[in-house]
Protein chains: 2
Amino acid sequence: MALLDLLGRRWQLRVIWELSRKPLNFRDLRAACSDISPTILNTRLTELREADIVTLTDDGYTLTTEGKNLLAEFMGLHDWAERWAKRR
Amino acid sequence: MALLDLLGRRWQLRVIWELSRKPLNFRDLRAACSDISPTILNTRLTELREADIVTLTDDGYTLTTEGKNLLAEFMGLHDWAERWAKRR
DNA sequence: TTGTCATGCTACAAAAAATGTAGCAACCTG
DNA sequence: CAGGTTGCTACATTTTTTGTAGCATGACAA
């Protein structure tokens, strides 16, 4: 499952999640991700850009159409997580 | 997002995925996950058991009801991944 | 009761990945 | 040209993962 190779890395889901609200520039995205180290943020962004999930625009890092499709699926997981968190 | 703390770790999604077909014992699960090291498999299983997503039964490691709910959401991601893989 | 096998799991040194801090290079803007 | 913003790199330290060996327990057979 190639998806898991891509998403099963630390911070990868989080980066997508943080970009779901609005585009963010490198520094703001870094801050949004609990001040992840710039080294690894750049690594993740490179992976996501190669996968055509994220792109860098004048507004900052942005989800592509693909990325938005992925996010839509991911929201299902998010809803599950909300219910899960409440039960604990 | 607590979900990301749980799932945003290497192998975590993969372990759930491998258990989606059928329960597997420790050694078979390990083999299914490309021979992941037993150290880290045990760490992941402990996390998933504490989160009540996976449980150990006579048949082996099994998704709980929660785990199956999670998997249902996860399938959406999987479908996306299939389309994504085809396009590349 | 003793040997064999399956299974869950631990130990631990080596390798790989992530962190945290500093700062460079390119680009604006005044 | 001076000062600020931004994307990103360098690199030593720390954390995580790997890979191999093997222990402990329990079921079953001889």
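Note: hydrogens, waters and symmetry copies are ignored here, and every other heavy atom, side chains too, is used. Order of the sequence lines fixes the chain letters, A, B, ..., with proteins taken first and strands second; residue numbering starts at 1 for each chain.
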message: So, using side chain to side chain contact (heavy atoms under 4.5 Å, CB included) as the criterion, who are the partners of A:Ala31 when residues are at least two apart?
response: A:Asp35
field: A:Arg30 CZ to D:dT6 P, straight-line distance once rounded to whole Å
entry: 14 Å
message: Applying side-chain hydrogen bond (donor to acceptor under 3.5 Å, both in side chains), can you list everything that pairs with B:Glu73, at least two apart in sequence or on another chain?
response: none
message: Using the side-chain hydrogen bond (donor to acceptor under 3.5 Å, both in side chains) criterion, which residues pair with B:Thr39? Sequence neighbours excluded.
response: none
query: Can you tell me how far C1' of D:dT18 sits from CG of B:Leu41, to the nearest Å?
result: 13 Å
Between protein and nucleotides 15-17 of chain D, what N or O pairs are separated by less than 3.5 Å?
| from | atom 1 | to | atom 2 | distance (Å) |
| --- | --- | --- | --- | --- |
| D:dT17 | OP1 | B:Arg44 | NH2 | 2.7 |
| D:dT17 | OP2 | B:Arg44 | NH2 | 3.1 |

- line: Contacts of A:Ile36 and B:Leu56 projected onto DNA chain C by closest heavy atom; the upstream (5') one is B:Leu56
- line: Sorted by chain and residue number, the side-chain hydrogen bond (donor to acceptor under 3.5 Å, both in side chains) partners of A:Ser34 (sequence neighbours excluded) come out as A:Arg14
query: So, the side chain of B:Thr64 versus the backbone of B:Asp52: is there a donor-acceptor pair under 3.5 Å, distance only?
result: yes
message: Using a 4.0 Å cut-off to any heavy atom of chain B, which nucleotides of DNA chain C are the first and last in contact, reading 5' to 3'?
response: C:dT7 to C:dA17
message: With a cut-off of less than 4.0 Å, is there a side-chain N or O of A:Asn25 near OP1 or OP2 of D:dG7?
response: yes
message: Listing request: all salt bridge (charged side-chain N to carboxylate O under 4.0 Å, His left out) pairs with a residue in residues 22-34 of chain A, at least two apart in sequence or in separate chains.
response: none
message: Could you tell me how far apart A:Asn42 (CG) and D:dA10 (C1') are, to the nearest whole angstrom?
response: 13 Å
task: Write out all pairs satisfying salt bridge (charged side-chain N to carboxylate O under 4.0 Å, His left out) with one or both partners inside residues 57-70 of chain B, taking only residues at least two apart or from two chains.
output: A:Arg87-B:Glu66
task: Starting at atom CZ of B:Arg27, determine the distance to atom C1' of D:dG22, rounded to an integer number of angstrom.
output: 10 Å
- prompt: Between A:Leu48 (CG) and D:dC8 (P), how many Å, whole number?
  reply: 13 Å
field: Whole-Å distance separating the CG atom of A:Leu24 from the P atom of D:dT6
entry: 12 Å
- prompt: Under 3.5 Å, is there a donor-acceptor pair linking the side chains of B:Thr62 and B:Thr55?
  reply: no
- line: A:Asn42 meets the side chain to side chain contact (heavy atoms under 4.5 Å, CB included) criterion, sequence neighbours left out, with A:Phe26, A:Thr46
